[in-house]
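Take a look at the structure below.
Quick note on labels: first sequence line is chain A, next is B, and so on, each numbered from 1. All values below were derived from every heavy atom in this structure, side-chain atoms included, with hydrogens, water molecules and symmetry-related copies excluded.
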There are 2 protein chains.
Amino acid sequence: MAGFKIPGITVYRLALYARTLEKLLEEGKDIISSEELARECGVNSAQLRKDLSYFGQFGVRGVGYSIPALLRHIRRILGAGREWFMVLMGAGHLGQALLKYEFLPKRGFKFVAAFDIDEEKIGRVVNDVYVYHLNQLSWVLREHPAEIGVIATPAKAAQEVADLLIENNIKGILNFAPVRIKHPPNVIVEHSDLTILFDKLAFYLNRLD
Amino acid sequence: MAGFKIPGITVYRLALYARTLEKLLEEGKDIISSEELARECGVNSAQLRKDLSYFGQFGVRGVGYSIPALLRHIRRILGAGREWFMVLMGAGHLGQALLKYEFLPKRGFKFVAAFDIDEEKIGRVVNDVYVYHLNQLSWVLREHPAEIGVIATPAKAAQEVADLLIENNIKGILNFAPVRIKHPPNVIVEHSDLTILFDKLAFYLNRLD
DNA sequence: AAATGTGAAACGCTTCACAGCC
DNA sequence: GGCTGTGAAGCGTTTCACATTT
């Protein structure tokens with residue numbers, strides 16, 4: 001495969017290309033030019049070609065890209081095709097929505113357990129996933145190993161929960177709580193803060209005059 | 001206030017600073033240096049100061065920033081303090097989680113109505129928000145004006161729903177569906193694609209050796 | 001003495017433009 | 001003729017480093 005320093009934003013766009021190629025494949029298209037795929041993704045065509053060039057040559061000059069082949073390549077680059085086991089921290093509204101999101105298991109992302117501290121939620125089963133008390137994390141993880149922890153707790157609890165995940169050897173964290181998680185460099189943390197998105201939209205709407 | 005070209009990423013970070021200042025304020029802190037606030041947010045301190053400098057001078061040399069004052073300034077910059085009325089498109093799992101997310105109304109973001117095409121969902125009331133059939137969008141918006149549309153439909157429906165929002169004069173769209181929305185330049189669209197986040201995390205986990 | 005505010009340098013991503021290939 | 005792949009130029013963001021202020 002390829003070189004070393006892959007911009008994070010390139011990885012982001014690869015996933016975006018994959019999503020778009022999936023759509024085009026469903027629509028029965030077979031060949032596409034960088035120009036057209038880029039337009040579909042809202043990026044510049046040179047950018048798309050450059051992103052791909054980090055990983056190899058997947059097109060045919062004068063012709064374009066085979067949609068199924070390119071999708072296969074991108075999936076391989078992203079490490080799709082394997083399964084990822086995850087634990088959910090916080091079985092509130094957002095957490096339960098994630099448990100029910102069909103897209104995730106289809107792409108190999110599977111929740112093996114959920115955790116909360118609200119007695120009312122503990123013992124429930126949401127979409128086949130059992131909700132345990134937080135203090136059972138260690139043994140549940142021994143029983144059902146997982147690589148990814150998804151944090152959907154209130155902001156106040158997020159850091160503590162992250163520390164617990166890291167202690168229990170979780171290597172990747174996806175944090176939906178509106179705080180920044182502090183973590184050692186060998187743990188990968190992705191943040192998704194909905195509140196920031198709303199604020200950003202509001203800012204630009206205000207500027208619209 | 002300030003100049004013209006504000007990088008989108010600066011706006012993103014302003015909201016991040018606001019979130020962090022809110023936390024610090026709750027903890028009872030009063031004064032903070034750019035160094036410490038930056039660490040708390042996971043950014044470089046020069047960056048933080050530069051971000052703020054687009055909008056004015058809010059600190060005291062030799063001292064630092066007053067947390068409540070800085071928070072007030074950032075909120076004003078972001079246009080917080082006013083109310084934003086929103087419609088939700090798609091009352092599925094994610095949509096309902098958004099309707100129940102307490103953070104949003106606290107920050108002035110209020111859903112006036114939700115829309116779906118599933119007869120089973122239409123007529124329900126989720127957290128005081130009524131779910132209408134999609135074809136009632138126009139008159140509901142006349143009755144309850146809104147500036148923001150939040151799309152939480154399946155990918156297939158997202159573009160169509162966005163077009164409908166734009167026809168009905170919605171100026172800001174927050175799209176949670178895993179497709180890129182095409183839109184005229186006078187409409188502001190923010191994307192939040194969960195599937196891409198999971199893919200990105202998986203990519204970096206694979207690289208971890 | 002300490003910490004901000006900010007030109008200027010450094011850096012990294014984006015876009016151009018064209019050679020190379022079908 | 002058309003489209004990819006890519007070195008190089010362009011551009012925007014990040015970081016440095018220090019003058020400035022309290």
Side-chain angles (χ1 to χ4, degrees), chain A residues 1-17 20-21 24 29-74 77 180 200 203-204, chain B residues 1-17 21 24 29-74 77 180 200 203:
Chain A
M1 203 167 292
F4 263 26
K5 290 202 115 184
I6 308 299
I9 196 154
T10 287
V11 178
Y12 176 93
R13 281 192 302 260
L14 284 175
L16 169 61
Y17 304 150
T20 305
L21 288 167
L24 292 166
K29 258 186 95 64
D30 200 48
I31 300 280
I32 197 165
S33 68
S34 64
E35 193 64 40
E36 195 181 345
L37 179 54
R39 193 174 338 109
E40 204 67 28
C41 298
V43 305
N44 175 295
S45 69
Q47 175 134 258
L48 190 158
R49 296 196 301 273
K50 173 79 65 174
D51 284 338
L52 295 176
S53 78
Y54 288 120
F55 301 96
Q57 308 194 165
F58 309 118
V60 181
R61 291 171 198 224
V63 180
Y65 300 89
S66 150
I67 291 177
L70 183 56
L71 180 55
R72 231 173 7 253
H73 280 123
I74 294 179
I77 293 165
R180 236 54 199 176
K200 203 175 156 204
F203 175 86
Y204 285 115
Chain B
M1 199 167 289
F4 264 26
K5 290 203 116 181
I6 309 299
I9 195 152
T10 287
V11 178
Y12 176 92
R13 282 191 303 259
L14 285 175
L16 170 61
Y17 304 150
L21 288 166
L24 293 166
K29 258 185 95 66
D30 201 47
I31 300 281
I32 197 165
S33 68
S34 64
E35 193 65 39
E36 196 181 343
L37 179 54
R39 195 178 332 111
E40 205 68 28
C41 299
V43 306
N44 175 293
S45 69
Q47 175 135 259
L48 191 158
R49 296 197 301 275
K50 173 81 62 179
D51 284 339
L52 295 176
S53 78
Y54 288 120
F55 301 97
Q57 307 193 166
F58 308 118
V60 181
R61 291 173 196 223
V63 179
Y65 300 90
S66 151
I67 291 177
L70 183 56
L71 180 54
R72 231 172 8 252
H73 280 123
I74 293 179
I77 292 165
R180 237 53 197 174
K200 202 175 155 203
F203 175 86

Which distance, rounded to the nearest 0.5 Å, do you find between the [atom1] of [X] and the [atom2] of [Y]?
X	Y	atom1	atom2	value
A:S45	A:K50	OG	NZ	12.5 Å
B:Y65	B:I74	OH	CD1	9.5 Å
A:L70	A:I32	CG	CD1	9.0 Å

- [ ] Let me know, please, whether A:V63 or A:R13 comes out on the 5' side of the other along DNA chain C by nearest nucleotide.
- [x] A:R13
Open item on the list: Both B:I32 and A:V43 contact DNA chain C. Taking the nearest nucleotide for each, which residue is further toward the 5' end?
Closed with: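 Final value for this comparison: B:I32.
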Would you say [X] places a side-chain N or O within less than 4.0 Å of OP1 or OP2 belonging to [N]?
X	N	answer
B:S33	C:dA3	no
B:S34	C:dA3	no
B:Y65	C:dG5	yes
B:R61	C:dT6	no
A:Y12	C:dC13	no
A:R49	C:dG20	no
B:Q57	C:dT6	yes
B:Q47	D:dC16	no
A:N44	C:dC16	yes

Just the rounded figure in Å: distance from [atom2] of [N] to [atom1] of [X].
X	N	atom1	atom2	answer
A:L48	D:dC3	CG	C1'	13 Å
B:I67	C:dT4	CD1	C1'	16 Å
B:K50	D:dA17	NZ	P	14 Å
A:I31	D:dG2	CD1	P	17 Å
B:Y54	C:dT4	OH	P	18 Å
A:L52	D:dT4	CG	P	10 Å
B:F55	C:dT6	CZ	C1'	16 Å
A:I9	C:dG12	CD1	C1'	11 Å

- [ ] Specify the closest pair of heavy atoms between A:R49 and A:S34, including all atoms of both residues, with the distance to one decimal.
- [x]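 Minimum heavy-atom separation between A:R49 and A:S34: NH1-OG, 2.9 Å.
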Task: Side chain of B:V60 (C-beta onward), nearest among D:dT14, C:dC13, D:dT22 - done: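 Closest nucleotide among those given: D:dT22.
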TODO: Taking the side chain as every heavy atom from C-beta outward, state whether A:L14 and A:I6 have any pair of such atoms under 4.5 Å apart.
DONE: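 No - every pair of side-chain heavy atoms lies 4.5 Å or more apart.
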